[in-house]
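Working notes for the structure below.
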Amino acid sequence: MRTSPTLLVIAHGSRDPRHAATVQALVRRAGALRPGLRVETAFLDFNLPSPAGVLDRLAAEGVRDVVALPLLLTRAFHAKADIPAVLRRAPAGLRIRQAEVLGPSPLLLATVERRLYEAGLTPGDQSTTGVVLASAGSTDPEAIAAIAETARELRRTGWCSVRPAFASAVQAGGLPRTEDAVRALRAEPGVRRVAVAPYVIAPGRLPDRIAAGAAGADVLAEVLGPSPELARLLVERYAEAVRAPERVAVAAG
């Protein structure tokens, strides 16, 4: 019987212990959607195991086929450079396919809205609520454009206004920090309340900065976390990589 490729989820990592715990909860939820699928987790920085460590262990156990899934919302430096570099140094004999990053996806928008509703909003509040879509931040033009497009797509679901923002101080692409976007929404006609939706997967230093910048908002949603929609998205990206090996193949060894 043919064995399905092992799924290796590669997260960013953080000194904040909440980060790894949230990632592990999400990965467990995704794995439960595919009974029998072997799922491993690794972290680029701060946490163990590392991607190289997991790949070495898998090769030693005789695993030959791996799908490496970046637990990232946009295609920035980690997805374009860091992860491919790690995969190229994997043990000879491993067949590794790098899946696409998570965004953009309607499932991410659904997760954002889930968190906003869990924070106390209702669908009836949409037409009078401005939303700050607060991401961690990037200097990569492709990632910046993806965040801006996600904000536009969220606006099309019915919110009064949606503004993208960065948690970091880097003003790349002209995107404001969270507190700047909150103030700008306050001044927009028709906006009766302002909500901040962290567009990040797990807690950590930058999500905490988003929360600090949301002090002037009426509503602060939780991070995306182990939502059912996000778990489904991991499984979808895995399946896409398995179906399209010629496009995402990464030579190892």
Side-chain angles (χ1 to χ4, degrees), residues 12 14-16 18-19 22 72-74 76 101-227 229-230:
H12 185 279
S14 171
R15 293 186 177 91
D16 189 322
R18 297 173 299 167
H19 177 92
T22 300
L72 303 169
L73 298 175
T74 60
V101 297
L102 300 179
S105 170
L107 289 170
L108 287 173
L109 296 179
T111 301
V112 170
E113 292 198 314
R114 170 188 288 275
R115 297 305 186 217
L116 287 168
Y117 296 147
E118 288 173 349
L121 296 174
T122 69
D125 295 324
Q126 279 192 323
S127 63
T128 55
T129 300
V131 177
V132 176
L133 187 71
S135 69
S138 177
T139 57
D140 186 284
E142 183 179 356
I144 294 166
I147 296 296
E149 178 57 28
T150 299
R152 287 191 289 269
E153 289 297 321
L154 185 62
R155 168 69 180 82
R156 294 185 186 110
T157 65
W159 298 95
C160 180
S161 181
V162 179
R163 287 178 175 257
F166 277 174
S168 69
V170 178
Q171 299 297 297
L175 293 179
R177 291 176 297 177
T178 305
E179 52 267 39
D180 301 325
V182 169
R183 284 193 294 268
L185 280 175
R186 286 283 184 210
E188 283 197 25
V191 175
R192 297 180 186 172
R193 69 188 66 79
V194 175
V196 172
Y199 194 60
V200 292
I201 293 172
R205 178 176 57 87
L206 290 177
D208 284 349
R209 190 175 294 174
I210 289 173
D218 302 293
V219 174
L220 172 62
E222 293 291 333
V223 297
L224 302 180
S227 73
E229 295 87 358
L230 197 52

query: What distance do S127 atom OG and R192 atom CZ have between them, rounded to the nearest 0.5 Å?
result: 7.0 Å
message: Using side chain to side chain contact (heavy atoms under 4.5 Å, CB included), reason through D208 and R18 one step at a time and then give a plain yes or no.
response: CA-CA 11 Å; D208 284 349; R18 297 173 299 167; 3.1 Å; yes
- request: Mind listing the closest non-hydrogen atom pair of A197 and L116 along with its distance?
  value: CB-CD2, 4.0 Å
field: R186 CZ: over 12 foreign heavy atoms closer than 6.0 Å
entry: yes
- prompt: When you look at S14 and R205, which way does the side-chain hydrogen bond (donor to acceptor under 3.5 Å, both in side chains) test go after all the steps?
  reply: CA-CA 8 Å; S14 171; R205 178 176 57 87; over 6 Å; no
- request: Could you tell me whether the side chain of P176 reaches within less than 4.5 Å of the side chain of F166, counting heavy atoms only?
  value: no
task: Ignoring hydrogens and angles, tell me if any N or O in the side chain of R115 forms a donor-acceptor pair with the backbone of L224 under 3.5 Å.
output: yes
- prompt: Among all residues two or more places apart in sequence or in another chain, which pass the side chain to side chain contact (heavy atoms under 4.5 Å, CB included) test with V223?
  reply: P198, V200, P203, P207
- prompt: Sub-3.5 Å donor-acceptor pair from the side chain of T111 to the main-chain atoms of L107, do we have one?
  reply: yes
- prompt: Salt bridge or not for R183 and D180, using N-O below 4.0 Å?
  reply: yes
query: Can you list the residues that meet the side chain to side chain contact (heavy atoms under 4.5 Å, CB included) rule with A110, with sequence neighbours excluded?
result: E229
message: Any side-chain to backbone donor/acceptor pair from R114 onto E118? Under 3.5 Å, distance only.
response: no
query: Looking at V191 and G130, what are the two nearest heavy atoms and their distance?
result: CG1-N, 3.7 Å
message: Could you check whether any side-chain N or O of D218 sits under 3.5 Å from a backbone N or O of V194, counting only pairs where one atom can act as donor and the other as acceptor?
response: yes
statement: Scanning both residues in full, the closest heavy-atom pair of T22 with P226 reads CG2-CD, 3.9 Å
message: Restricting to non-hydrogen atoms, name the atom on G103 and the atom on L108 that form the minimum distance, rounded to 0.1 Å.
response: CA-CD1, 3.5 Å
query: How far apart are the closest heavy atoms of I147 and S135, and which atoms are they?
result: CD1-CB, 3.9 Å
message: Could you measure the distance from the CG atom of D125 to the SG atom of C160? Nearest 0.5 Å is fine.
response: 11.5 Å
query: Checking side chain to side chain contact (heavy atoms under 4.5 Å, CB included) for the pair V131/L154: CA distance, chi angles, key distance, verdict?
result: CA-CA 9 Å; V131 177; L154 185 62; 4.1 Å; yes
- prompt: Residues two or more places apart in sequence or in another chain: which of them pass side chain to side chain donor-acceptor pair (under 3.5 Å) with R163?
  reply: E188
message: T150 vs T74, test: side chain to side chain contact (heavy atoms under 4.5 Å, CB included). Steps then yes/no.
response: CA-CA 10 Å; T150 299; T74 60; over 6 Å; no
- prompt: What are the two closest non-hydrogen atoms of T129 and A195, and how far apart are they?
  reply: CG2-CB, 4.1 Å
query: NE2 of H12 to NE2 of H19: how many Å apart, nearest 0.5 Å?
result: 7.5 Å
task: With the side chain counted from C-beta on, respond yes when L121 and W159 share a heavy-atom pair under 4.5 Å apart, and no when they do not.
output: yes
task: Please say whether more than 12 non-hydrogen atoms of neighbouring residues, nucleotides or ligands are located less than 6.0 Å from CD in Q126.
output: yes
